[in-house]
Every structure is written in structure tokens, then in C-alpha cells.
Number of protein chains: 2
Amino acid sequence: MPDKKDRFKMLLKEKGLKVTTQRVDILEALEIRPDKHLTAEEIYEIVKEKNPDIGLATVYRTIQLLAELNLIDKLNLGDGYVRYEIGNMDEEQKTHHHHHHLICLGCGNVLTFQGDLLDTLEGQIQKTMGFEVVDHEVKMYGYCKDCAAERGKE
Amino acid sequence: MPDKKDRFKMLLKEKGLKVTTQRVDILEALEIRPDKHLTAEEIYEIVKEKNPDIGLATVYRTIQLLAELNLIDKLNLGDGYVRYEIGNMDEEQKTHHHHHHLICLGCGNVLTFQGDLLDTLEGQIQKTMGFEVVDHEVKMYGYCKDCAAERGKE
DNA sequence: CTGCGTGCAAAACTTTTGCACCAGT
DNA sequence: ACTGGTGCAAAAGTTTTGCACGCAG
């Protein structure tokens, strides 16, 4: 895949916006982080290591920009923080995200899964209710393999 | 179905908690309202019509209580407000809620649907990933029948 | 140069908490 | 009476906004 940073820079130029170090740093933070699902504050802390002068307001403003450009997805785990993750869709596939999350009630980890069954469900909704589905978000709460085993022992 | 208010009062007594007018008023507000999915502030406004002296803090405290008793469900539409709706489950069926919402991007209405297909999906997740699903929440964004028709015209 | 973007601080907003008073049991 | 509940106001916490300065184009 083409580097996400390049795509970002391209989009900025297209729209007559400026490519600043802060904006690139913030995208990088989201890209590098393996555990994903970062809050604004977490992104701020990461970027500050490299660029201590950055302001939290800039993080919020850039996050909003990135979401508008469909480069990142908003995600709400219900813990009071809004979280963000890099979108994993292809170039032009701007619609239909893949927000399928398994949230472990034991360790708090968030896994992702690919649900092709959702398409069937959407077809059903379209037919029975006339509701035209554009995007969806699915959250499953439960226990991951390890935590389920741990609980089984007790 | 047995009156939800009676069930609430019963549960309160069981736990040695008090049945106050405020608590009953708040449950009533959630029960009466047809459009459901109310924010704390909205509940506050509704109850204030009947009991102008109520405080917003009491609404928050009661909401928390009702959620703990599984009488209402938390719901996050991603618009910055936490919302609440009366649970539609049977007496003892405390696990596995039915948070299946269709959110219309046109008119903003929120519809509900019953998704039996989700069970299939859960079985698949259990098998392939060893993740034990306890509860789930599904949100579909799109256009309801009316709004889809409206958009078709243009 | 021109104007968009940034940092800082203050504001805005939702939700929580401390405390004195009040009401249900 | 006792104890938990309420209202008010202040606090806490996240996100937004106004403004002067600085940097990208």
C-alpha cells in the first residue's frame, strides 16, 4: 500500500491546506502505535516525545481533520474517551468502514475481526425495513481466549 | 408485562434503598417518552415540568442506579452525549441486551431492529478466535425509508 | 508577503462529588 | 430517630475556541 503519510500530504495539497510537521507527526503516532485505539491525550503524549512544544489543541484539530479526510476512524468504547484508529480501507473505498471490535472485559484489550456476515444482515434490513445501510459499527463485549481460560480455572 | 415502575420499586426495597418521588419520576420520563434515546439533560428537562425542584445531579445518580439494576441501557450514538433507553428484555434475561440501532443520517431518527443473525456471527467468533461473547452492540448508519426516497428524487 | 496553523489560556460542556439539609422507612 | 437521598455549587475532565504570533506556500 502507498504510504499513508504521502496520501495525507497529497490530500492536504489538493485542498490548499498546509503540510506542517505537527500534522505529519500526529499521523505518524497513529501509524506507528501497535495497540491502536488511542485517545487524544495518548496521541498528545506520544507526539510530545518527539516534539515537546506541540499543543493539545493542535492534536484535537488535526484529529478532526484526519477524520474528515477519512484517514482515521472515530471509535467509542464507552469508557468516556473518544478514540481513534487508522482506517484500514483501500484508497477509494471511503464508505463502509470495518469497525468490528471485540472488547475484552478481562484485560481490556481490543481485538478486530472481519465480519462478512454483516453483509447478509444488512441485506435483510434493507429488504424488511427499507433502511439503506451506509456504514456500521459492531462491538462485542466478552472474554478473549486467555481471559476466558483464566476464568474457567477459578 | 408487569409495570416497570413496580419492578423498580420492588428492586429498591429488596436492596434497602428508598422509593423517592424523584426516582419514580425519572423512570416515568424514560417510559413515557416515545422517541426514547434520551440524554441526561433531556430527562432532566422532562422531569422538571412535573417537579421543577429536581436537580440535574439526581438525574445522573438515578440513571446510574437504573443502569446497575438493568432497567435501562446505556447507548452512545457518537454525538458526544450518553443516552439511555428502557431495557426491553424479560424479567431475568439480564445478559445479552439487544442494542441494535439503525441511525438515520437524514432525519436523525433512531430505529431498532431484532437481529437473530448476530447469534450466528457470535458462534463464528467463538469458534475461530476463542473469544467468548457476553454482550454486543450494533449500530447501522444509513437512510430510513422516507429519507432514502427523498434522496432518490434529487 | 499572505494567510493558514499553532500554542497558550480561557471557555464550554458533560458528568461527578462534597456537604448540609430533607424525606422515606 | 436513622440513614440514605436530594439540591446546590463547586470540581473534575474532555474538547473547543479566541487571539496573537510564527511558519508554510
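Worth saying up front: this structure is predicted, and the values here are computed from it rather than measured. Residue numbers start from 1 in every chain, and the chains themselves are labelled A, B, ... in the order their sequence lines are given, proteins ahead of strands.
- In the 5' to 3' direction, nucleotides of DNA chain D lying under 4.0 Å from heavy atoms of chain B begin and end at D:dT3 to D:dC8.
- Non-hydrogen atoms lying under 4.0 Å from DNA chain D are contributed by nothing in residues 42-51 of chain B.
- Screening A:V138, A:L118, A:D135 against B:M140 for a side-chain contact (heavy atoms from CB on, under 4.5 Å) leaves a single residue, A:L118.
- Of the residues in residues 19-30 of chain A, A:T20, A:Q22, A:R23 come within less than 4.0 Å of DNA chain C through at least one heavy atom, sorted by number.
- If you check residues 56-66 of chain A against DNA chain C, the residues with a heavy atom closer than 4.0 Å are A:A57, A:T58, A:R61, listed by number.
- Between B:H101 and A:E137, the side chains place no donor N or O within less than 3.5 Å of an acceptor N or O (distance only, hydrogens not considered).
- Each end of the helix from C:dC1-D:dG25 to C:dT25-D:dA1 gets its own rotation axis from five pairs of C1' atoms, and the angle between them is 30° to the nearest 10 degrees.
- Qualifying side chain to side chain contact (heavy atoms under 4.5 Å, CB included) partners for A:Y84, counting only residues two or more places apart in sequence or in other chains: A:L30, A:I63, A:I72, A:K74, A:V82.
- Of the two residues near DNA chain C, B:K13 and A:G16, the one whose nearest nucleotide lies more 5' is A:G16.
- Listed by chain and residue number, A:L38, A:T39, A:R83 satisfy the side chain to side chain contact (heavy atoms under 4.5 Å, CB included) test with A:E42 (two or more places apart in sequence, or in another chain).
- A search for salt bridge (Lys or Arg N to Asp or Glu O under 4.0 Å) contacts involving A:E41 returns nothing, not counting sequence neighbours.
- For residues 13-23 of chain B, no pair satisfies side chain to side chain donor-acceptor pair (under 3.5 Å), with sequence neighbours left out.
- Residues that satisfy the side-chain hydrogen bond (donor to acceptor under 3.5 Å, both in side chains) test with B:E28, not counting sequence neighbours, are B:K5, B:K50.
- Taking hydrophobic clusters as Ile, Leu, Val, Met, Phe, Trp and Tyr residues chained together by side-chain heavy-atom distances below 4.5 Å, A:Y60 shares a cluster with A:V24.
- In this structure, the side chain of B:K139 engages the main chain of B:N76 through a donor-acceptor pair within 3.5 Å.
- Listed by chain and number, the residues in a side-chain hydrogen bond (donor to acceptor under 3.5 Å, both in side chains) with B:Y143 are B:R151 (sequence neighbours excluded).
- Listed by chain and residue number, nothing satisfies the salt bridge (Lys or Arg N to Asp or Glu O under 4.0 Å) test with A:E68 (two or more places apart in sequence, or in another chain).
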